[in-house]
There are 2 protein chains.
Amino acid sequence: MPTIQEVAKKAGVSVATVSRVLNDNGPVSSNTRKKVQGVIDELNYQPNLLGRNLRRSETRMILVLLQNISNPFYSKIVKGMEDTAHENGYNVLICNTNTDIDLESIYLDFLKNKLVDGVIFTCTAMVTEEFNKLAKYYPVVLCNEYNKDIKAPIVTIDNEIAGYEATSHLIKLGHKKIGMISVNNVGSSYDRMKGYMRAIEEAGLEVNEDYIVYHTFSYKGGMRGIKQLFELDEPPTAVFCISDLIAVGAIKELKSKGLRVPNDVAIVGFDNNSIAPMYDPSITTIAQPRYDIGKKTMEIMLQRIKGNENNNHIVKLEHDLIIRESTLPSVD
Amino acid sequence: MPTIQEVAKKAGVSVATVSRVLNDNGPVSSNTRKKVQGVIDELNYQPNLLGRNLRRSETRMILVLLQNISNPFYSKIVKGMEDTAHENGYNVLICNTNTDIDLESIYLDFLKNKLVDGVIFTCTAMVTEEFNKLAKYYPVVLCNEYNKDIKAPIVTIDNEIAGYEATSHLIKLGHKKIGMISVNNVGSSYDRMKGYMRAIEEAGLEVNEDYIVYHTFSYKGGMRGIKQLFELDEPPTAVFCISDLIAVGAIKELKSKGLRVPNDVAIVGFDNNSIAPMYDPSITTIAQPRYDIGKKTMEIMLQRIKGNENNNHIVKLEHDLIIRESTLPSVD
DNA sequence: CTGTTAGCGCGTTCAC
DNA sequence: GTGAACGCGCTAACAG
């Protein structure tokens with residue numbers, strides 16, 4: 001791999017001139033430009049980005065922290081981020097944190113140590129206080145997850161309204177005993193639950209605490225949730241699940257109990273994951289504008305890097321209720 | 001963010017000494033070490049990795065190229081890679097290529113321009129010739145995908161035997177008309193098909209070319225595959241699908257035709273994706289040792305970086321046939 | 001045990 | 001329009 005020095009020597013010019021040709025800034029006569037470009041092509045020269053980045057003290061790289069790439073929910077979000085980044089001459093790197101605080105802090109060192117220009121969190125194991133300190137000094141944006149004490153730009157949907165709409169849909173179908181399978185300690189879930197409660201109260205029904213159960217964000221969480229709900233004397237006739245993955249576990253468990261979805265129990269999921277339309281029955285769910293969430297998040301990040309973005313700032317994008325087989329009783 | 005200079009000045013020593021404390025190499029008296037460490041902690045100093053990497057001309061970063069993070073198949077593979085990398089003081093970056101040749105070449109510039117020490121491909125849009133040239137000069141390893149002309153280390157399973165076993169399983173269950181939904185131009189699919197054919201021939205049956213259809217690596221591909229197979233006068237009674245996602249599409253389409261799986265048509269998938277046990281019916285499939293594939297791939301990469309690894313070298317790991325509901329007729 | 005110095009590869013002022 | 005020289009922040013070779 002040749003260096004800029006060798007190009008310069010071979011072209012019979014100084015490194016400064018090569019640099020000018022490379023970056024197309026500063027004046028170069030068309031003759032020498034042609035000559036230099038010729039050598040660049042001939043040697044197949046590519047500038048060493050380590051040197052360039054050190055000199056410019058920017059990398060034009062944005063790191064996206066994912067709990068785990070296996071969650072297909074994030075693929076379109078990342079696509080939105082990537083497209084926006086590329087349009088602006090930035091690149092996106094993805095790292096798995098596996099909810100491991102040590103791993104997370106290694107990746108944050110990339111930010112502190114100038115290997116990337118900014119970090120987008122889709123989750124974090126850090127305590128809020130520490131997170132806020134980080135956000136104070138470095139470009140950091142939160143995507144889709146949050147809690148109310150966080151001081152950093154946040155892009156999300158209005159989870160309270162989404163929870164309200166999901167529950168209202170079940171109420172309109174005539175359900176009066178509506179369960180909810182949620183997870184603990186997540187800001188978005190908390191808001192969805194508040195929407196769930198508001199819908200029930202506004203419909204003149206009563207919130208039954210036993211109907212709200214907390215499990216993990218997974219297929220198994222859904223199975224356990226149903227098990228718990230169906231140990232009650234009066235099990236619900238409809239269940240709002242905090243994610244499609246939970247909904248899938250719930251449906252699978254109901255089927256194994258010999259119950260039919262939606263005829264015996266209606267199920268609503270959340271996220272409109274790729275499984276939702278594929279499952280049998282296909283799953284009624286809340287679709288988040290994932291691409292736009294990613295796009296908006298990256299836009300804010302790039303603004304933040306430029307310095308024209310304050311740090312306390314929440315953007316809520318529109319969601320959609322998508323009605324599918326899991327809540328619409330067939331005629332049989 | 002302080003520099004090493006400022007730390008040195010504040011501690012009253014030279015930058016060399018700070019560097020020695022930082023990297024814990026070279027002799028430093030315990031007194032000055034303590035003093036320097038004190039200043040480092042006080043200033044919360046972290047070394048600028050751009051400077052360090054430029055100096056060392058290594059980054060201890062490995063780039064993993066994924067077609068798309070949405071494919072959950074790769075999550076465990078990546079986990080295997082990450083664990084192995086971390087054990088050796090390396091970090092893993094993930095990038096989506098979206099099968100976009102231009103994007104891919106941008107990421108390859110990271111390699112050529114010293115931003116990462118090696119690249120692992122799980123897919124590539126490059127032509128083989130160009131790929132081989134790249135592999136000749138830079139540390140490159142191929143994971144799970146290949147064609148026979150490629151000259152780079154490859155880690156995979158024995159797809160021919162896997163295809164053979166999947167098909168033999170169906171034959172043992174009494175099926176004689178066995179279809180296959182495959183995809184074009186992928187080395188692994190080609191080998192699976194060869195195994196499929198060998199199983200059929202060894203059982204004394206005849207390969208029917210109409211039973212092999214080619215579609216995309218997706219849910220929709222599975223639906224279209226079934227549609228095509230069931231336009232035949234004598235549709236198959238069992239179908240071997242090249243991936244679980246295709247199998248899911250196939251099952252969904254069969255159900256919408258009023259056919260039962262497995263009682264009317266048996267289905268085998270491939271990969272043991274997370275959907276496979278969750279789907280209804282759960283899907284018989286070939287499980288690849290994903291974690292070990294990732295681990296082995298990274299081990300070879302690290303050897304390759306050290307220079308003790310030749311470039312023409314294929315590792316095949318063990319797979320497993322997992323039998324589930326989609327091939328086992330229930331008694332009804 | 002410690003400091004001085006050179007240079008990794010590049011971009012950029014400032015002369016000319 | 002072009003080149004010489006400096007420095008981004010760090011590590012390593014050498015001298016003391």
Side-chain angles (χ1 to χ4, degrees), chain A residues 1-40 43-61 89 109-117 138, chain B residues 1-40 43-61 89 109-117 138:
Chain A
M1 203 62 191
T3 74
I4 197 172
Q5 313 278 356
E6 307 176 43
V7 175
K9 190 189 289 181
K10 185 145 191 171
V13 298
S14 74
V15 292
T17 303
V18 179
S19 175
R20 282 191 273 260
V21 172
L22 233 43
N23 299 292
D24 205 15
N25 62 358
V28 183
S29 80
S30 71
N31 256 346
T32 51
R33 175 183 302 278
K34 205 172 291 175
K35 190 171 54 182
V36 170
Q37 191 60 54
V39 177
I40 288 176
L43 264 51
N44 201 13
Y45 168 72
Q46 314 239 108
N48 178 318
L49 292 181
L50 252 30
R52 171 179 291 178
N53 291 343
L54 176 60
R55 179 58 229 244
R56 291 188 177 158
S57 68
E58 65 162 8
T59 60
R60 300 184 86 82
M61 299 270 193
D109 286 346
F110 292 178
L111 178 65
K112 296 178 185 164
N113 303 352
K114 300 295 181 185
L115 243 40
V116 300
D117 293 348
Y138 300 95
Chain B
M1 202 64 191
T3 73
I4 198 172
Q5 314 279 355
E6 308 176 45
V7 176
K9 190 190 289 182
K10 185 145 189 171
V13 298
S14 73
V15 291
T17 304
V18 179
S19 175
R20 282 191 273 261
V21 172
L22 233 43
N23 298 293
D24 206 16
N25 62 356
V28 185
S29 80
S30 72
N31 256 348
T32 53
R33 175 183 302 276
K34 204 171 289 174
K35 191 171 53 181
V36 171
Q37 190 60 53
V39 176
I40 288 175
L43 264 50
N44 201 13
Y45 167 72
Q46 313 239 107
N48 179 320
L49 293 183
L50 289 172
R52 171 179 293 176
N53 291 342
L54 176 60
R55 183 56 230 245
R56 290 187 176 159
S57 70
E58 66 163 5
T59 61
R60 300 186 85 82
M61 299 271 193
D109 287 346
F110 292 178
L111 177 65
K112 296 179 185 162
N113 304 351
K114 301 294 181 186
L115 244 40
V116 300
D117 293 348
Y138 299 96

(request) Using only side-chain N and O atoms of A/Asn113, determine if any of them is under 4.0 Å from OP1 or OP2 of D/dC10. (result) no
(message) Side chain of B/Thr3 only, heavy atoms from C-beta on: which candidate in D/dT2, C/dC1, D/dC10 is closest?
(response) D/dC10
(request) Could you please name the option among D/dT2, C/dC10, C/dG7 that lies closest to any side-chain atom of B/Arg55? (result) C/dG7
(message) Is it true that, when you exclude B/Lys114 itself, more than 12 heavy atoms of the residues, nucleotides or ligands shown sit nearer than 6.0 Å to its NZ?
(response) no
(request) Let me know the distance between NZ of B/Lys35 and P of C/dT2, rounded to the nearest Å. (result) 8 Å
(request) Count the heavy atoms of every other residue, nucleotide or ligand shown that sit under 6.0 Å from NZ of A/Lys10, and state whether that count exceeds 12. (result) no
(message) Given C/dG3, D/dT2, C/dT5, identify the nucleotide with an atom nearest to the side chain of B/Val13.
(response) C/dG3
(message) Which is more 5' along DNA chain C, the nucleotide nearest B/Gly51 or the one nearest B/Thr17? Just name the residue.
(response) B/Thr17
(message) Checking contacts here: which listed nucleotide (D/dA12, C/dG11, C/dC1) is nearest the side-chain heavy atoms of B/Ala16?
(response) D/dA12
(request) Would you indicate which nucleotide in C/dT2, D/dG1, D/dG9 comes nearest to any side-chain atom of B/Asn48? (result) D/dG9
(message) Expressed as a whole number of angstroms, how long is the span from B/Leu115:CG to C/dC8:C1'?
(response) 15 Å
(request) Measure across A/Pro2 and A/Leu43 and return the closest heavy-atom pair with its distance rounded to 0.1 Å. (result) CG-O, 3.9 Å
(request) Quickly work out the B/Gln5 CD to C/dG3 C1' distance and round it to whole Å. (result) 13 Å
(message) For a quick test of reading the model: is some side-chain N or O of B/Tyr45 closer than 4.0 Å to OP1 or OP2 of D/dC10?
(response) yes
(message) Please confirm whether the shortest side-chain N or O distance from A/Arg52 to OP1 or OP2 of C/dG9 is below 4.0 Å.
(response) no
(request) Output yes when at least one side-chain N/O atom of A/Asn25 is less than 4.0 Å from OP1 or OP2 of C/dT12, else no. (result) yes
(request) Answer yes or no: does a side-chain N or O of A/Ser57 lie under 4.0 Å from OP1 or OP2 of D/dC8? (result) no
(request) Indicate whether OP1 or OP2 belonging to D/dT2 is found under 4.0 Å from a side-chain N or O atom of A/Thr32. (result) yes
(request) Please determine, for the side chain of A/Leu54, which listed nucleotide (C/dG11, C/dT4, D/dC8) has the closest atom? (result) D/dC8
(message) By nearest atom, which of the nucleotides C/dT2, D/dT11, D/dT2 is closest to the A/Pro27 side chain?
(response) D/dT2
(request) Measure from CZ on A/Arg56 to P on D/dG9 and round the result to the nearest Å. (result) 16 Å
(request) Find the distance A/Ile4:CD1 to C/dT12:P and express it as a whole number of Å. (result) 11 Å
(request) Could you tell me the separation between the CD atom of A/Glu6 and the OH atom of A/Tyr45, rounded to the nearest 0.5 Å? (result) 9.5 Å
(request) In whole angstrom, give the distance that lies between atom CG of B/Asp24 and atom C1' of D/dT11. (result) 15 Å
(request) Tell me whether the OP1 or OP2 atom of D/dT2 has a side-chain N or O from A/Ser29 closer than 4.0 Å. (result) yes
(request) Would you tell me if any nitrogen or oxygen in the side chain of A/Asn53 comes within less than 4.0 Å of OP1 or OP2 on C/dC10? (result) no
(message) Working to the nearest 0.5 angstrom, can you tell me the gap between B/Leu115 CG and A/Arg52 CZ?
(response) 10.5 Å
(message) Just the rounded figure in Å: distance from P of C/dG9 to CG of A/Asn23.
(response) 17 Å
(request) Answer yes or no: is there an ion pair linking A/Arg33 with A/Asp24, defined by an N-O contact shorter than 4.0 Å? (result) yes
(request) Calculate the interatomic distance between A/Leu50 atom CG and C/dG11 atom C1'; express it in whole Å. (result) 15 Å
(message) Let's see if you can work this out: which of C/dT2, C/dG11, D/dG3 has an atom nearest to the side-chain heavy atoms of A/Ser19?
(response) C/dG11
(request) Look at the side chain of B/Leu22 and decide which nucleotide, out of C/dC10, D/dT11, D/dA12, has an atom nearest to it. (result) D/dT11
